[in-house]
J.: 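My questions will all concern the structure given below.
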Amino acid sequence: ALKKSKNLLEKENLKGYFIQANFLNIPIKDSSIDSVFWGLALEYVQDTERAVSEVYRVLKPGGVLLATFPPLSLSTITYQQIRGDIPDLPVLKNIIRWLHVDIFKGKYMLYGYGQSLSVEFVERVFSKAGFIVKKIGYFDTYYPITYIPKILRPLARKALRLRFFWPVAYIEAIK
């Protein structure tokens, strides 16, 4: 991803830097970054509060952060257990973490430690770190439902709008 991003920057004749680092210890000076895009990575950090505080530290005052993350949904509680997702539900989170980490030793955690986060939790963590949350919500998603009979498709679309299986949420925040 870093190589492709670098190539795209060069192709578009833009300036920028890429750093591969740990979210919990970013090797960048305090208040030195204008913006951060945190695309579907927040969920792979166990200490979410510390990681968000670290990003806050490196952003300049007025700096903008845009992060995407998998929201807590029926799909993350059910079938995404196959890939080791840990849903952000108070008691269930500890039980599922215990199963995946201690009992199964990460065997089913296909992408390493990963969790689905409630929108409320994400907003609370960012606010606690000092961010001003500008927007938080769900990306509009298109689900191809061509396998459903045409007469039932309007009902299926309404059911999907309830976000039981929604794949991506976002937060825009300012330091």
Side-chain angles (χ1 to χ4, degrees), residues 21-26 28 30-31 33-104 106 108-143 145 155-175:
N22 185 322
F23 288 124
L24 303 177
N25 188 21
I26 302 171
I28 296 175
D30 294 1
S31 301
I33 301 293
D34 293 315
S35 63
V36 171
F37 174 69
W38 205 345
L40 289 172
L42 178 62
E43 65 272 19
Y44 294 109
V45 180
Q46 289 185 45
D47 192 344
T48 309
E49 288 185 19
R50 185 171 159 207
V52 171
S53 292
E54 183 68 357
V55 171
Y56 183 86
R57 178 189 67 78
V58 301
L59 270 174
K60 291 179 181 177
V64 177
L65 173 132
L66 178 62
T68 59
F69 58 95
L72 183 63
S73 68
L74 186 59
S75 64
T76 59
I77 297 169
T78 56
Y79 73 84
Q80 287 196 28
Q81 291 308 302
I82 294 168
R83 68 176 190 96
D85 185 81
I86 299 173
D88 181 35
L89 288 171
V91 175
L92 193 58
K93 179 178 185 171
N94 292 333
I95 293 169
I96 292 176
R97 183 185 308 179
W98 172 74
L99 282 171
H100 281 300
V101 175
D102 298 332
I103 301 300
F104 299 133
Y108 301 105
M109 298 177 100
L110 300 181
Y111 306 105
Y113 183 90
Q115 57 188 335
S116 51
L117 306 165
S118 71
V119 171
E120 297 79 14
F121 170 78
V122 170
E123 185 171 19
R124 188 172 55 250
V125 168
F126 277 78
S127 294
K128 184 179 176 184
F131 282 101
I132 297 166
V133 176
K134 287 299 202 184
K135 294 180 191 175
I136 189 164
Y138 299 87
F139 274 114
D140 198 15
T141 301
Y142 173 77
Y143 284 100
I145 55 172
L155 182 61
R157 294 242 179 261
K158 284 183 182 179
L160 286 169
R161 285 275 167 229
L162 297 174
R163 297 192 173 103
F164 292 129
F165 301 98
W166 220 253
V168 182
Y170 69 91
I171 183 167
E172 180 185 343
I174 297 176
K175 178 175 180 180

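For this chain, numbers begin at 1 and follow the sequence in order.
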J.: Mind checking whether Val101 and Met109 have side chains closer than 4.5 Å, heavy atoms only?
T.: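 They are in side-chain contact.
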J.: Over all heavy atoms of both residues, which pair between Gln115 and Lys93 is shortest? Give the atoms and the distance, please.
T.: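 Minimum heavy-atom contact is OE1-NZ, 3.4 Å.
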J.: Of the non-hydrogen atoms in Tyr113 and Tyr44, which two are nearest, and what is the gap between them?
T.: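 That would be O-CD2, 2.8 Å.
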J.: Please determine, by modelled atom types, if Ser35 and Lys60 share a side-chain donor-acceptor pair under 3.5 angstrom.
T.: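 The criterion, which ignores hydrogens and geometry beyond distance, is not satisfied for Lys60 and Ser35.
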J.: Val125 vs Phe131, test: side chain to side chain contact (heavy atoms under 4.5 Å, CB included). Steps then yes/no.
T.: CA-CA 9 Å; Val125 168; Phe131 282 101; over 6 Å; no
J.: A side-chain contact here means heavy atoms from C-beta on lying under 4.5 Å apart; do Ile145 and Arg157 qualify?
T.: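 Touching, per the 4.5 Å side-chain cut-off.
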J.: With a 6.0 Å cut-off (strictly less than), is the heavy-atom count around OH of Tyr111, excluding the residue itself, greater than 12?
T.: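 No - once you tally the heavy atoms of other residues, nucleotides and ligands closer than 6.0 Å, there are 12 at most.
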J.: Does the pair Tyr108 and Leu99 meet the rule for a side chain to side chain contact (heavy atoms under 4.5 Å, CB included), with working shown?
T.: CA-CA 10 Å; Tyr108 301 105; Leu99 282 171; over 6 Å; no
J.: How long is the straight-line distance from CZ of Arg97 back to CD1 of Ile103, given to the nearest 0.5 Å?
T.: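 Nearest 0.5 Å value for the CD1-CZ distance: 14.5 Å.
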J.: Only distances under 3.5 Å count here; give the side-chain donor-acceptor pairs of residues 63-71 to other protein atoms, sequence neighbours excluded, each with its distance to 0.1 Å.
T.:
from, atom 1, to, atom 2, distance (Å)
Thr68, OG1, Leu40, N, 2.8

J.: Would the distance check show the side chain of Glu43 and the main-chain N or O of Ala41 forming a donor-acceptor pair, the cut-off being under 3.5 Å?
T.: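 Yes; at least one donor-acceptor contact below 3.5 Å.
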J.: Report the distance from atom CZ of Phe121 to atom CG of Leu89, rounding to the nearest 0.5 Å.
T.: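 Separation between the atoms: 12.0 Å.
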J.: Between Val58 and Asp30, is there a side-chain heavy-atom distance shorter than 4.5 Å?
T.: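 Side-chain contact under 4.5 Å: no.
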J.: Minimum heavy-atom separation for Ile26 and Arg57, please, with both atom names.
T.: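 In terms of heavy atoms, the two residues are closest at O-NH2, 2.8 Å.
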J.: Indicate yes or no: at least one non-hydrogen side-chain atom of Ile171 is less than 4.5 angstrom from one of Leu42.
T.: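 Sidechains of Leu42 and Ile171: no contact.
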J.: At their closest point, which heavy atom of Lys175 faces which heavy atom of Ser31, and how far apart are they?
T.: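 Answer, listing the atom of Lys175 first, then Ser31: NZ-OG, 3.2 Å.
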J.: Which heavy atom in Leu24 sits nearest to a heavy atom in Asp47, and how many Å separate them?
T.: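 Where Leu24 meets Asp47 most closely, the heavy atoms are CD2-O, 3.8 Å.
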J.: Rounded to the nearest 0.5 Å, what's the gap from CZ on Phe126 to CD on Glu49? Could you check?
T.: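 Separation between the atoms: 11.0 Å.
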J.: Compare every heavy atom of Asp88 with every heavy atom of Leu72, then report the nearest pair and how far apart it is.
T.: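 In this case the closest contact between Leu72 and Asp88 is CD2-O, 3.5 Å.
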J.: Roughly how far, to the nearest 0.5 Å, is the CG atom of Leu117 from the CZ atom of Arg124?
T.: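 Output value for this atom pair is 11.0 Å.
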J.: Which word best sums up how the rings of Trp38 and Phe23 line up, parallel for under 30°, tilted for 30 to 60°, or perpendicular for over 60°?
T.: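 Trp38 and Phe23: tilted rings.
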